[in-house]
Amino acid sequence: MKRRSIRYKFFIAISAVALVFIGVLILLNLFFYEDYYMLTRRNELRDAYQSIRSSYNGDMEQMLSAMDSYESQTAIRMAVVSSDGQVYTALFSADDPQDESLLPDFDLFDQQRRGYIILQAIAQTVNWNAMGARDYQFLNVTLRDNEQYLCLAGSLDSDTSKCLFAYMPYAYIEQNSSLNLLFLVIAGGCALLICLVIAYLISRQFTRPLIAMSTLADRMSELDFSSKYQGKGTDEIGQLGQSLNRLSAYLEQTISELKQSNEQLAQEIREKERVDNMRREFIVNVSHELKTPIALIQGYAEGLTAGVADDPEDRKYYCDTIADEADHMNKLVMQLLSLSRLELGAEQTYTEDVDLHALCAEAVRKTTVLCESRGLTVDYADTHVTVRTDGDLLDQVLMNYLSNAIRYTVDGGQIRISAARADGRVRLTVFNQGDGLPEEELPKIWEKFYRTDRARTRAAGGTGIGLSLVRAIADTLHGSCGARNVEGGIEFWFELPETAEPDDPQLAEEE
């Protein structure tokens, strides 16, 4: 079904009212105008009679002058007829000659003759018996040629010796009625056209804000709150527009808050799923990591209990193996605890000025035995940089990098440690010779328990936690870490702000 706009309905409504109004005027004119017009003409005849009668003082010359003045202003014709048959009118009197040959003006003679005929018809129609002093009668007189007149006959004085006849032709009345009807039709058509134009302008003026508000409501239903009602009116329509603006602003704010809440909830859900996945993965990985040393410890312990190793050297081998696996388990558990504290933000940090050259010298001293056993050389000459941070956490980073470098450097290879300051940050870099890593695996090595070669890592004593621990330390100290393949090997870097950030709630500065 086709929808009609409110502007169209408003225009049709105003046009219909105008059409009905004009139609009612025409119908009233058709059915009631003639009666009203006749009543008006009767009143005019009566007013003429009363005016002439009130001015009559017995002087016929004065009365004829008054009659002439009255006839010149109206369509009423008047005559005075006395009881002795004398007739007095503004056109002729009883003393005027009645012979046509004596009258030079034939039009005047025709009017006199027509007047006499009308007066004769009126006199024959009047009910003289009912005529009393100061009485008048309305008459409808028809001549032989079917010409009709509306007449009034009334006594002019108290003794009814003189009567005043006032009359007007029906043709004049009908002609006025026809002209009035024609004019009313023309005026009604013009008025209707003007009403249509005004109706269009009014409907456009009144419906423009409503259409604007309808468009605004459609935009709001599509969650577009950029549009606003621009009307400045203070009437009910203007108040409605301002209410829509307030509603739009309120909905925009509410939906924005709801979106933020939904995004926050979705983020919390994703974080919860991530934590759950990490927990399951953690349990699986820890179980897998602990399974081997526990099995070895259990096996060698059972062997000792059963007396399999009677030789002192065999018993020593069994005991050393049990001690190594227990140490491996202890390292794994300690790293996991440290990683958990860092990820939960429970690790308390202390800031101090750390000399990287001294830190590297101590790390190299701790790993001297491992390096000498494989013929590795470690160069840390280019590390004369000082940074203000947590020294213990930075030492863990360096030891993890150095341990990995020792573990994966070929025998007789070289390890190079360097440090540099740039743009308010300090970068510590550990390079080791080797084959490097595939590019697609570089982002994965920071995940917990991820190993590129599980068998080789296990044989070298790795736990898969070290680089995850480095990334957690970087997050705690507002730093960053990474790795890249370079010519001749691989390079691990750790970057920190040159001074500890004061807005970090986890950094408690110790003087």
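This structure is a prediction, so every number in the text was calculated from the model and none was measured. Heavy-atom basis, side chains included; hydrogens, waters and symmetry copies ignored.
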Whether over 12 other heavy atoms sit under 6.0 Å from Glu268 CD: yes

Nearest-0.5 Å distance that lies between atom CD in Glu271 and atom CD in Gln264: 12.0 Å

Non-neighbouring partners of Ser15 that pass side chain to side chain donor-acceptor pair (under 3.5 Å), sequence neighbours left out: none

Presence of salt bridge, Lys444 and Glu441, under 4.0 angstrom: no

Spacing of CG belonging to Leu393 relative to CG belonging to Leu398, to within rounding of 0.5 Å: 13.0 Å

Under 3.5 Å: donor-acceptor pair, side chain of Asn400, backbone of Gln396: yes

Which atom of Gly412 lies closest to which atom of Leu376, heavy atoms considered: N-CD2, 3.8 Å

Short side-chain to backbone donor-acceptor contact, Asn485 and Pro438, under 3.5 Å: no

Side-chain heavy-atom pair Leu359, Leu428 within 4.5 angstrom cut-off: no

Closest heavy-atom pair and its distance - Trp493, Ser480: CZ3-OG, 3.5 Å

Which residues share a side chain to side chain donor-acceptor pair (under 3.5 Å) with Asn140, sequence neighbours left out: Tyr170

Residues 361-368, side-chain donor-acceptor partners within the protein, below 3.5 Å, at least two apart:
unit_1, atom_1, unit_2, atom_2, d
Glu362, OE1, Arg365, NE, 3.2
Glu362, OE2, Arg365, NE, 3.3
Glu362, OE2, Arg365, NH2, 2.5
Thr367, OG1, Ala363, O, 3.1
Thr367, OG1, Val364, O, 3.3
Thr368, OG1, Val364, O, 2.9
Thr368, OG1, Arg365, O, 3.0

N/O donor-acceptor pair under 3.5 Å between Asp353 side chain and Arg388 backbone: no

Expected output: side-chain Ser468 to main-chain Trp446 donor-acceptor under 3.5 Å: yes

Residue pair Arg484 / Leu442: nearest heavy atoms and the distance that separates them: CA-CD1, 4.3 Å

Check: Gln253/Glu257 side-chain N/O donor and acceptor closer than 3.5 Å: yes

Results of ring pair (Phe, Tyr, Trp, His ring centres under 6.0 Å) for Phe492 - residues two or more places apart only: Tyr401

Nearest heavy atoms of Thr383 and Ser418, plus distance in Å: CG2-CA, 3.8 Å

Reported CZ-to-CE distance for the pair Arg42 and Met38, which is rounded to 0.5 angstrom: 5.5 Å

Which residues share a side chain to side chain contact (heavy atoms under 4.5 Å, CB included) with Asp423, sequence neighbours left out: none

Single hit among Asp382, Val426, Thr386, Ile417 for side-chain contact (heavy atoms from CB on, under 4.5 Å) with Leu356: Val426

Set of side chain to side chain contact (heavy atoms under 4.5 Å, CB included) partners for Asn43, sequence neighbours left out: Leu39, Arg46

Side-chain heavy atoms of Tyr380 within contact of Ile415, under 4.5 Å: no

Asp379, CG: over 12 other non-hydrogen atoms inside 6.0 angstrom: yes

Least distance between heavy atoms, Ala474 atom then Phe494 atom: CB-CE1, 3.5 Å

Nearest atoms (heavy-atom pairs only) where Thr389 meets Val354: O-CG2, 3.9 Å

Ser373 side chain vs Leu370 backbone, donor-acceptor pair below 3.5 Å: yes

Residue pair Leu394 / Leu496, side-chain heavy-atom distance below 4.5 Å: yes

Evaluation steps, side chain to side chain contact (heavy atoms under 4.5 Å, CB included), between Asp390 and Ile473: CA-CA 10 Å; Asp390 188 296; Ile473 294 174; over 6 Å; no

